[in-house]
Amino acid sequence: MTDPDDGPGEQSGIRDELERMLSLPGKLIPTSVIVPAWRRLTDGESTWPVRFAVVVATALQVLLPNRYEIPPTWLLPTLGALLGIGLSIAHPRRITKHSPQLRLVSMLLIATITLANAGSAGRLITALLQGRAHESATTLLLTGGAIWLTNVIVFGMWYWNLDRGGPAARAQALKSYPDFLFPQMTSPDLSPPDWQPQFFDYLYLSFTNAAAFSPTDTLPLARWAKMAMMLQSIVSLGTVVLVVARAVNIL
């Protein structure tokens, strides 16, 4: 409050100071309060979780029976190795550099791995429908489980690589609007101020979609995200229902 004896000049000065302060909120309020971490520049995320996921997906495909692999059998392990090497070269520690060329190459490799796994799922489903799957119940469950888990990993990579332009674009805050709505985005008071979606969040999204055949806590906003989740649910549903039904019948 101002003193009644204050002159007009002093009151005008106070008013000007208040207007100046209100016109520069960015200098008075931390950026983390105005803009959440997932919408501002960050240090990027580590590549190690993605590399580990690539190794697991490659190992699962190698362990499949030869009759369910898409020939040539060396294709998927080679692509997995190339994807891991490419990630290591392009982003030795953290994913910070946005390169459309590198992103295109990674998407082509992920697409090839996806098609190879979908082909394995198609061969298994065809064999089950035609009564040519004579493996034991244990072998069938393990084969179906490997295809299902690979499906989870590759779609997790798709979601991670496409949401808001990919991990490098997210680190540089190149796009403001997300393709997936995570719970932390709608309830920022329930998460740390530096929270942002990373690979494990997309892997969890893929796992829950493959297990429940529908979104759970994370909602797709973009049309491509809805189509991708629908396609993943179709592959997962066909694999789980037919494999489990056949295994139960054998038992």
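Along the sequence shown, the residues carry numbers beginning at 1.
Side-chain contact check for Phe213 versus Met229: every heavy-atom pair is 4.5 Å or farther apart.
Using cut-offs of 30° and 60° on the angle between ring planes, the pair Tyr204 and Phe200 is parallel. Note on ring orientation: taking the six-membered ring where Trp is involved, the planes of Phe180 and Tyr202 are perpendicular (angle over 60°, cut-offs 30° and 60°).
With hydrogens and angles ignored, the 3.5 Å screen pairs a side-chain donor or acceptor of Thr186 with a backbone N or O of Pro183. Although no hydrogens or angles enter the test, the distance criterion places a donor-acceptor pair under 3.5 Å between the side chain of Thr208 and the main chain of Leu205. Under the 3.5 Å distance criterion, the side-chain polar atoms of Ser46 are matched with a main-chain donor or acceptor of Trp48. Under a 3.5 Å cut-off, the side chain of Asp179 and the backbone N or O of Arg164 do form a donor-acceptor pair. The backbone N or O of Asp163 lies less than 3.5 Å from a partner atom in the side chain of Arg170, making a donor-acceptor pair.
Taking the side-chain hydrogen bond (donor to acceptor under 3.5 Å, both in side chains) definition, one finds that Ser206 meets it with Gln232, sequence neighbours left out. Shown here are the ring pair (Phe, Tyr, Trp, His ring centres under 6.0 Å) partners of Phe207, two or more places apart in sequence or in another chain: Trp148.
Within the structure, side chain to side chain donor-acceptor pair (under 3.5 Å) contacts touching residues 110-125 (residues at least two apart or in different chains) are Gln61-Asn117, Thr114-Trp158.
Listed here is the closest heavy atom pair of Gly238 and Ile125: C-CD1, 3.9 Å.
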